[in-house]
Amino acid sequence: MLTLAVLRPALDDHSSPLPERFALDIGGELREPTRWADDIDPATADTLATVGSATPDEVDAAVAAARRAAPEWGASAPSHRGTLLRRLADLVRRDADVLARLETRDTGKPLTQGRADITAAARYFDFYGSVVEGFLGDSIPLGRGSLAVVEHEPHGVTGHVIPWNYPAQITARSVGAALAAGNATVVKPAEEAPLVALAYARLAREAGFPAGVLNVIPGGAEAGTALTAHPHVEHVSFTGSVATGRTVAAACASRGRPSLLELGGKSAHLVLEGADIDRAAPVITRALLLHAGQTCTAGTRVIVHRSLHHQLVSAIAPFFATATLGHGLTDPTVGPVVSEQQVKRVQGFLERALAAGAVVAAQATDADGLGGYFVAPVLFDEVAQDTELFAEEVFGPLLAVTTVDSDAEAVAAAHNSRYGLTAAVWCQDVDRALRTARSLDVGQTYINGYAPGGGVELPFGGTRDSGYGREKGVEALREYSRSRTLFIDIA
Ligand code: NAD
């Protein structure tokens with residue numbers, strides 16, 4: 001793959017595999033891997049591309065390359081790093097069409113969503129390229145006899161483990177902040193969807209980033225284990241499931257290095273008395289159907305006051321009943337889920353929800369004849385709060401509605417899950433909405449709106465089983481830095 005443009009014709013329809021094999025990107029060059037893996041197009045279940053799958057030795061080579069690059073990169077002026085990041089943002093925008101199609105074919109999401117992800121990715125590179133220049137240190141007043149200064153220092157080599165659902169955005173947000181802060185990075189995308197992260201490495205080369213500051217090595221659990229346990233990786237950012245996140249955190253803790261965990265969610269919409277249902281219904285629908293429910297911040301539960309229950313379900317149901325399923329490039333409402341395993345997982349939730357007494361209020365037409373990994377969205381009503389569907393992350397297009405009689409009950413229901421990523425409160429009475437929002441134990445709360453993922457500038461991360469640490473916003477620059485205190489005794 002010399003330029004991304006050469007991929008364009010093969011990206012146009014789901015029956016074409018990509019013509020090239022995607023090698024590892026280590027030390028500023030492509031490196032032929034010792035083994036290859038098939039990257040599957042979830043819309044067809046056929047091979048989309050052949051991609052390198054890093055071995056522990058290749059992980060080691062990537063970390064060594066980052067280590068060589070780290071001192072000079074970390075010592076460079078923030079304005080220099082910012083200029084390169086903003087140049088990278090320009091190149092992402094230049095190639096946005098190819099990148100959006102790559103992301104769509106790799107993840108299965110509708111093309112409009114693939115395009116939105118690439119727009120957001122460019123924004124991350126721009127944002128961190130800009131704010132790093134104003135990322136000021138501090139001086140601490142201790143009297144005329146001394147000068148105390150606190151500077152931001154990069155960690156050195158940072159490791160980034162990326163999931164398959166939003167690789168374009170998650171790579172950009174995490175790597176953008178880490179590079180801006182002066183770290184040299186090693187990125188391990190998931191084997192299911194590694195293509196856009198590999199494309200970023202090529203664009204970074206074109207932008208003029210020094211060799212070794214952005215290494216991209218797709219692979220599976222073996223590569224992830226090698227990266228997160230590596231003695232020269234000074235900080236690990238992990239986005240993925242709770243179980244893997246805990247393994248990663250333990251690996252980091254055992255060698256005394258910090259980790260950041262962005263894990264799952266079971267985000268709730270609290271629809272209080274006085275909510276504007278016409279405003280809420282389309283947003284609630286979208287917050288679930290986005291990428292077939294495979295969004296960490298998917299709004300998967302609706303907790304509605306009894307007085308609005310019928311009106312709300314009636315307003316949401318038509319969106320579900322008319323949702324179209326199809327291949328991402330045809331831009332349906334909902335694309336496929338990522339794999340056959342994921343189809344089975346969602347179907348298991350569905351069957352158990354029915355057995356537990358949930359009622360189907362609306363359902364999209366089945367995706368018969370499409371091939372690939374499709375699950376029709378289902379709106380479940382009368383979901384009991386002590387059931388699995390109400391408390392556990394499905395990662396598929398199932399929405400659970402339950403009814404409450406007070407704001408306090410709504411908050412208690414929202415807390416009836418081990419996750420604490422995001423939530424939304426719908427109510428036109430701002431005092432009441434704010435009171436409720438502040439009582440929720442989650443990382444981000446929206447009032448009268450919902451933006452899954454939350455926006456480039458807003459600090460993002462969870463509480464409880466949703467993880468710790470914060471990506472996005474200026475806060476991520478703090479995450480990818482450590483402070484150095486200098487004290488000068490003035491004679
Ligand atoms: P996963 O934990 O299976 O995989 C995530 C990444 O970890 C992949 O790159 C995978 O190859 C790697 N990995 C697997 N085993 C590893 C190991 N032992 N050591 C190190 N790395 C390893 O998660 P998934 O199924 O790909 O992603 C879905 C989950 O991610 C959901 O729970 C979702 O909510 C969560 N997620 C969270 C956010 C967020 O920002 N909070 C964003 C997207 C997804």
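One-based numbering along the sequence shown. As the structure is a computational prediction, the values presented were derived from the model and not from experiment. As the structure lists them, so they are numbered: ligands from 1, and atoms in each ligand from 1.
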Run the contact test for W164 against ligand 1 with a 4.0 Å cut-off on heavy atoms, strictly below, and give the result. yes
If you have a sec, work out which protein heavy atom is nearest atom 10 (C) of ligand 1 and how many Å separate them, to one decimal? K188 NZ, 3.9 Å
Using the rule salt bridge (charged side-chain N to carboxylate O under 4.0 Å, His left out), only one of R418, R352, K266 pairs with E392; which is it? R418
Between L421 and ligand 1, is there a nitrogen or oxygen pair with a distance under 3.5 Å? no
Test of understanding: given a 4.0 Å heavy-atom threshold, classify the contact between I170 and ligand 1 as side chain, backbone, both, or neither. side chain
Tell me whether the centres of the aromatic rings in H160 and Y480 are closer together than 6.0 Å. yes
For ligand 1, which part of Q294 has a heavy atom less than 4.0 Å away: the side chain, the backbone, both, or neither? neither
Got the closest protein heavy atom to atom 18 (N) of ligand 1, with its distance? T225 OG1, 3.4 Å
Looking at R173, R86, R93, which hits salt bridge (charged side-chain N to carboxylate O under 4.0 Å, His left out) with D126? R93
If every non-hydrogen atom of A413 is compared with every non-hydrogen atom of V404, which pair is closest and at what distance? CB-CG1, 4.4 Å
So which heavy atom in the protein is nearest atom 28 (C) of ligand 1, and how far is it from that ligand atom? F395 CE2, 3.6 Å
Y450/H269 aromatic ring centres below 6.0 Å: yes
Taking the non-hydrogen atoms of R173, is any one of them nearer than 4.0 angstrom to ligand 1? yes
When you check the side-chain N and O atoms of T239 and Y166, is any donor under 3.5 Å from an acceptor? no
Measure from NZ or CZ of R345 to the centre of the six-membered ring of F349 and say whether it is under 6.0 Å with the direction within 45° of the ring axis. no
If you count the atoms of ligand 1 from 1 in the order shown, which ones are under 4.0 Å from a heavy atom of V161? 6 (C), 7 (O), 9 (O), 12 (C), 21 (N)
Is it true that atom CZ of R438 has more than 12 heavy atoms of other residues, nucleotides or ligands lying nearer than 6.0 Å? no
For V248, the ligand 1 atoms with a heavy-atom partner under 4.0 Å come out as 19 (N), 20 (C)
Residue, atom and distance of the protein heavy atom nearest atom 36 (N) of ligand 1 read C296 CB, 3.5 Å
How far is atom 21 (N) of ligand 1 from the closest protein heavy atom, and which atom is that? G224 CA, 3.5 Å
The closest protein heavy-atom partner of atom 2 (O) of ligand 1 is S241 OG, 2.6 Å
I want to know if ligand 1 touches G240 in the polar sense, i.e. an N/O pair below 3.5 angstrom. yes
Protein contact for atom 4 (O) of ligand 1 (heavy atom, distance under 4.0 Å): no
Assert yes or no for the condition that the ring centre distance of F209 to W73 is strictly below 6.0 Å. yes
On a heavy-atom basis, which atom in V360 and which in F380 lie closest, and how many Å separate them? CG2-CE2, 3.8 Å
Which of the atoms in ligand 1, numbered in the order shown and given with their element, are less than 4.0 Å from a heavy-atom of N165? 43 (C), 44 (C)
I'd like to know if the side chain of Q113 and the backbone of H291 have a donor-acceptor N/O pair within less than 3.5 Å. yes
R470 to F460, cation-pi by 6.0 Å centre distance and 45° axis angle: no
How far apart are the closest heavy atoms of V59 and A223, and which atoms are they? CG2-O, 3.8 Å
Below a 4.0 angstrom heavy-atom separation, can you tell me which part of Y166, side chain or backbone, both or neither, approaches ligand 1? neither
Nearest to atom 22 (C) of ligand 1, what protein heavy atom do you find, and at what distance? T244 CG2, 3.4 Å
For ligand 1, which atoms, with element, lie under 4.0 Å from some heavy atom of A190? 8 (C), 9 (O)
Give me the nearest non-hydrogen protein atom to atom 9 (O) of ligand 1 as residue plus atom name, then the distance to 0.1 Å. I162 O, 2.7 Å
Within a distance under 4.0 Å of any heavy atom of P163, pick out the atoms of ligand 1 and give their elements. 26 (O), 27 (O), 43 (C), 44 (C)
